[in-house]
2 protein chains.
Amino acid sequence: MSQPTPDETLLGLLAVQAKHGYQLLACFHDSDELGRVWKLSTSQLYAVLKRLAGQGLIVGRAVETTQAPARTEYELTPAGHKRLQAWLYEPSPSASIRRVRVEFLSRLYVARLLNLPTVAIVRAQKAACWREYETRLAERDRSAPGVGFLALELHIAQLAAVLQWIDRCEMSPEED
Amino acid sequence: MSQPTPDETLLGLLAVQAKHGYQLLACFHDSDELGRVWKLSTSQLYAVLKRLAGQGLIVGRAVETTQAPARTEYELTPAGHKRLQAWLYEPSPSASIRRVRVEFLSRLYVARLLNLPTVAIVRAQKAACWREYETRLAERDRSAPGVGFLALELHIAQLAAVLQWIDRCEMSPEED
DNA sequence: TGTAATCTATTCCATGATAGAATAGCGGCC
DNA sequence: GGCCGCTATTCTATCATGGAATAGATTACA
């Protein structure tokens with residue numbers, strides 16, 4: 001699957017504090033933040049939790065309450081913390097437009113949540129997009145007209161827009 | 001599923017001339033044209049053909065040859081032609097970036113193949129993107145800072161890039 | 001001439017994503 | 001009391017997807 005998955009973003013949310021599924025789901029309903037980036041259905045979220053647990057990145061423990069049905073709280077394992085760090089500071093992030101929108105912004109969100117530096121994240125993403133931009137520009141020169149050429153030009157225009165936009169991400173939210 | 005499907009593009013290819021699966025597959029290998037827009041696996045293509053046949057949009061007939069294994073050639077039914085026309089001149093196409101790249105360019109490709117006018121297609125797409133652009137701009141004004149806001153700004157920048165790019169699609173390929 | 005590789009053409013299968021309903025306990029409201 | 005709605009999770013059916021399997025025909029070449 002080449003689609004971005006919310007797995008590491010969930011790790012990030014759990015790194016702040018142990019949570020159960022329903023609580024995590026609520027984090028994605030906030031339409032000003034993560035809700036604009038990810039659309040997660042209930043079953044999808046629980047499927048991801050199961051996958052992460054299967055990979056040994058999180059562990060769940062049942063919590064009994066009198067207030068509500070039994071819940072399972074998940075927290076990061078050491079492997080989970082390691083994976084989260086590796087994902088946050090991935091040295092060559094994807095330059096795909098979709099992944100920039102979804103994965104890069106999730107990295108930024110998680111890093112801010114955890115009070116970690118964001119400069120390296122933005123810089124790595126910017127570099128990756130520049131490389132892609134140069135590659136596509138070169139490709140355009142040896143491309144024949146037709147819809148394939150138009151697709152290439154659109155891609156180049158999208159990358160240029162990302163490069164103009166990404167500098168604004170270097171500022172912390174308070175400086176906006 | 002909100003992902004664009006190659007269904008109508010296949011209808012367009014079949015509208016030019018009846019073809020069998022393997023031939024259709026070859027159309028997507030051309031890296032200067034459709035191949036840049038769609039990535040179709042073998043099984044995916046045959047699955048789409050089955051779906052289209054199930055909907056009565058195409059009919060297949062077995063063709064025996066001594067040159068090669070038996071093949072099934074598909075051609076459009078009247079319902080298929082109707083569906084193709086409706087798709088080509090869809091009055092309110094999606095303004096999603098992905099759909100512009102994939103669906104709009106496919107419309108353009110098919111219309112050019114069939115020597116049909118493309119002006120209406122481009123105009124409809126442009127109008128849809130403008131509406132989306134205005135909507136998002138208004139939304140930005142009443143949005144709080146954070147990654148949600150950054151996502152919104154990226155989206156706006158992407159739409160602006162599309163609007164700048166789309167005018168080049170009004171020209172026929174010879175005029176490029 | 002044998003056989004290996006490649007091309008044509010399609011089907012099959014296992015896995016995984018996804019939507020939506022189902023389940024189920026509890027609290028509040030009228 | 002009875003119903004609605006909230007918390008919390010699981011289940012199920014469907015569908016997409018990648019990749020291998022099948023299988024006939026042609027070319028390559030020793």
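These values consider heavy atoms only, across backbone and side chains, with no hydrogens, waters or symmetry-generated copies. Chain identifiers are assigned alphabetically (A, B, ...) following the order of the sequence lines, protein sequences preceding nucleic acid strands; residue numbering begins at 1 within each chain. Treat the numbers as computed from the prediction; the structure is a model and nothing was measured.
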*asked:* Whether Arg51(B) contacts dA16(D) is assessed here as follows: a side-chain N or O lying under 4.0 Å from the phosphate OP1 or OP2. Is that the case?
replied: yes
Using a cut-off of under 3.5 Å, enumerate the N/O to N/O pairs linking the protein to nucleotides 10-13 of chain C.
{"unit_1": "dT10(C)", "atom_1": "OP1", "unit_2": "Thr72(B)", "atom_2": "N", "d": "2.5"}
{"unit_1": "dT10(C)", "atom_1": "OP2", "unit_2": "Gly21(B)", "atom_2": "N", "d": "3.1"}
{"unit_1": "dT10(C)", "atom_1": "OP2", "unit_2": "Tyr22(B)", "atom_2": "N", "d": "3.1"}
{"unit_1": "dT10(C)", "atom_1": "OP2", "unit_2": "Tyr46(B)", "atom_2": "OH", "d": "2.8"}
{"unit_1": "dT10(C)", "atom_1": "O5'", "unit_2": "Tyr46(B)", "atom_2": "OH", "d": "3.4"}

*dA16(D) OP1/OP2 closer than 4.0 Å to side-chain N/O of Gln44(B)*: no
*Counting only heavy atoms not in Gln55(B), do more than 12 sit closer than 6.0 Å to its CD atom?*
yes
*How close or far is atom C1' of dG18(D) from atom CG of Leu40(B), stated in whole angstroms?*
13 Å
*Gap between atoms CG and P, on Leu49(A) and dA17(C) respectively (whole Å)*: 14 Å
*Is there a chain of hydrophobic side chains (I, L, V, M, F, W, Y, each step under 4.5 Å between heavy atoms) that links Ile58(A) to Trp87(A)?*
yes
*asked:* Could you tell me how far apart Trp38(A) (CH2) and dA17(C) (P) are, to the nearest whole angstrom?
replied: 13 Å
_Lys/Arg N to Asp/Glu carboxylate O, Arg168(A) vs Glu153(B), below 4.0 Å_ = yes
_N-O pairing of Arg83(B) and Glu8(B) below 4.0 Å_ = yes
*asked:* Without decimals, in angstroms, what is the distance between Gln3(B) CD and dA17(C) P?
replied: 14 Å
*Quick one: Leu52(B) CG to dA16(D) P, roughly how many Å, whole number?*
12 Å
_Let's see if you can work this out: which of dA19(C), dG18(D), dA16(D) has an atom nearest to the side-chain heavy atoms of Ser41(B)?_
dG18(D)
*Verdict with supporting geometry, His20(A) and Gln23(A), side-chain hydrogen bond (donor to acceptor under 3.5 Å, both in side chains)*: CA-CA 6 Å; His20(A) 55 94; Gln23(A) 259 177 309; 3.1 Å; yes
*With the 4.5 Å side-chain cut-off for hydrophobic clustering, are Val122(B) and Tyr89(B) part of the same group?*
yes
